[in-house]
Amino acid sequence: MSEVVHDELYDLRHSTAHLMAQAVGELFPGVKYAIGPPIEDGFYYDFDLPRPIREEDLAAIEERMLEISARDLTIVRQELPREEAVKLEADLDQPYKVELINDLPEGEVISFYRQGEWVDLCRGPHVPSTGKLKHFKLLHTAGAYWRGSEKNKMLTRVYGTAWFSKADLEDYLNRVEEAKKRDHRILGRELGLFMFSEEVGKGLPLWLPKGATLRDTLIDFMKAEQLKRGYQGVVTPNIGSSKLYEKSGHLVTYRSKLYPLMEDPESGETYVLKPMNCPHHIMIYANELHSYRELPIRLAEFGTVYRYEQSGELTGMLRVRGFTQDDSHLFVTPEQLGEEFKGVVDLMLYTLKRLGLTDYRVRIGIRDPKDSKYIGSDENWEAAQKAIIDAVEELGMAYEIAEGDAAFYGPKLDLLVRDALRREWQMGTVQVDYNLPERFELEYIGEDGQRHRPIMIHRAPFGSLDRMIGLLVEHYAGAFPFWLAPQQIAIIPISDRHHAYAEQVNVALREAGFRSALDSRNEKMGKRIRENEMQKVPVMLVLGDRDVENNTVSVRRRGEGDLGAKTLEEAIAYFKELSAQ
RNA sequence: GCCGACAUGGCUCAGUGGUAGAGCAGCUGUUUCGUAAACAGCAGGUCACCGGUUCGAAUCCGGUUGUCGGCUCCA
């Protein structure tokens with residue numbers, strides 16, 4: 001968030017951050033100020049304090065903020081030459097501010113904003129006086145490293161939100177409350193999709209029958225697409241020799257992100273629990289000599305990988321330690337690169353569309369030339385980055401370039417989607433890689449009879465099945481479209497005498513390929529309807545005397561209610577229609 | 001990993017030093033019902049785990065594990 005948009009709401013939030021800093025200064029003498037910018041929906045300020053602020057302190061800080069607001073202090077801008085600016089902050093015993101001033105580029109205007117006794121280094125702009133700041137709330141505290149580096153001291157960050165009116169503030173707080181109800185961790189349990197077990201291990205998801213069905217549905221969808229698009233399935237083991245990963249470069253770059261190595265007791269050779277599928281797929285390509293006529297070769301696998309993520313990073317299904325990628329590696333000639341890359345992007349966008357995810361961002365990660373973790377030659381990097389940018393330009397897509405976001409072996413294009421709490425997650429990803437083919441000396445025989453080096457495209461349209469399902473749960477608030485719903489149809493016989501007919505209908509629907517289940521519990525129909533509604537089953541069939549008599553089913557659509565009686569044939573036609581939506 | 005917080009039956013929560021409670025879910029019966037909660041009874045917890053303080057700990061203290069919000073990281 002280096003580029004801050006200067007609209008009025010941002011100014012208000014920025015000023016509220018100052019207001020909070022002043023209040024903290026009054027309540028915690030000796031506080032050192034770091035930075036305090038406006039952010040989406042609010043603001044934060046980082047403090048270095050004699051003792052950390054606790055959540056229970058927030059009310060007192062808010063109270064002091066309101067008091068300072070009531071003083072209605074005029075907010076005044078003041079510009080100072082560099083030396084005087086440094087002296088001002090040094091006199092105030094504010095070392096972080098001194099460091100910030102010293103790092104400002106030559107010729108930059110150095111400005112301060114003063115409200116009453118309190119002053120802060122700041123580019124501004126701000127509201128005219130503290131009296132304008134009334135509708136805010138402090139939300140939570142967090143630790144944050146000075147300048148974002150874990151080598152530096154950890155400061156205390158306080159997050160808050162601020163709005164023009166009381167109504168806006170309340171709306172926002174309500175929105176957050178509503179969003180929490182969509183949390184996939186809560187819905188995942190309520191809907192019986194997945195679980196975690198302390199005894200199995202943190203970050204290791206267990207998929208329950210309904211969640212497993214959802215996974216199967218997504219896998220079937222992707223397999224069908226891949227079949228149309230000329231992919232071939234492969235299967236590779238969950239572990240591989242460390243030598244393989246040494247050669248690929250993963251071992252050096254991601255040592256700390258691997259589960260500890262396993263040792264073969266006979267040979268003493270070590271094995272890696274695989275964090276990636278690429279080296280395995282590369283071995284399959286290298287198994288035989290390929291002609292240019294065979295290329296592109298597209299090897300696909302739903303590969304489960306394990307990454308030892310830092311414990312503090314784990315978040316439900318959105319960040320786990322064991323997950324399944326819809327992975328594929330394409331081996332292509334330089335001439336094919338552009339078309340193949342565009343083909344992958346097309347699949348990725350089609351996938352998002354089918355899943356109903358329309359709100360996403362495209363980020364192109366290129367390398368940071370100053371960082372040494374990137375392998376391979378400058379020429380290869382230039383060529384790979386150019387291939388990606390040319391392709392998205394040709395496709396007319398909106399995108400952002402992010403320096404330093406490339407994989408260590410190549411640049412990539414990521415699709416980013418937000419969760420219920422508006423946190424952004426990387427979903428689909430595609431990378432262009434000249435470097436691993438070089439490391440593994442991959443070849444094909446060209447038209448000219450000479451040996452040539454293929455280029456690899458790594459891609460995963462879902463990214464991780466686990467993360468994608470977590471996100472889809474939040475996107476749909478658990479109410480999946482018919483084709484995705486783990487259980488599509490619930491059959492509710494009104495009383496015992498309708499069971500035989502209900503069973504018959506259930507069998508017929510399963511025969512027709514629908515995920516149907518009979519709910520013949522000894523409960524009143526209304527209760528069973530209610531519970532199936534809450535389980536987000538898209539369709540219910542209520543069966544009573546009339547239906548048995550007329551050989552019909554009464555169709556009830558989730559969220560809509562009774563659609564009336566249909567024959568079984570009509571109902572099946574309707575379900576086929578729903579499946580296509 | 002770091003900062004802060006939290007942890008009571010399957011779920012949601014009450015209980016702040018004197019030997020654990022409610023609703024929902026579960027089980028058993030009764031009820032056989034036309035589109036979002038029938039009725040009654042029963043059962044269920046070493047209060048996350050380990051240690052300490054105390055005559056006595058769910059409650060106070062320390063540690064561990066897990067979870068939550070951030071930071072850092074994300075092939």
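By convention in this document, chain letters (A, B, ...) are assigned in the order of the sequence lines, proteins followed by strands, and residues within each chain are numbered from 1.
- One can place CG of A/Asp545 at 13 Å from P of B/U35, the figure rounded to the nearest angstrom.
- OP1 and OP2 of B/A75 both lie 4.0 Å or more from every side-chain N or O belonging to A/Lys257.
- None of A/Val344, A/Leu352, A/Thr351 except one satisfies the side chain to side chain contact (heavy atoms under 4.5 Å, CB included) rule with A/Met348; the exception is A/Val344.
- For B/C74, one of the phosphate oxygens OP1 or OP2 lies less than 4.0 angstrom from a side-chain nitrogen or oxygen of A/Lys373.
- Of the side-chain N and O atoms in A/Arg459, none sit less than 4.0 angstrom from OP1 or OP2 of B/A75.
- The distance between atom CG of A/Asp519 and atom P of B/U32, rounded to the nearest whole Å, is 19 Å.
- With hydrogens and angles ignored, no donor-acceptor pair under 3.5 angstrom links the side chain of A/Tyr145 to the base of B/G70.
- The phosphate of B/G1 has OP1 or OP2 within less than 4.0 Å of a side-chain N or O from A/Ser311.
- OP1 or OP2 of B/U12 sits under 4.0 Å from a side-chain N or O of A/Arg189.
- Under 4.0 angstrom from either OP1 or OP2 of B/C33 there lies no side-chain N or O belonging to A/Arg528.
- For A/Arg497 and B/C33, the shortest distance from a side-chain N or O to OP1 or OP2 is below 4.0 Å.
- For the pair A/Lys527 NZ and B/A37 P, the interatomic distance rounds to 10 Å; values are reported in whole Å.
- An OP1 or OP2 oxygen of B/G70 is reached within less than 4.0 angstrom by a side-chain nitrogen or oxygen of A/Arg423.
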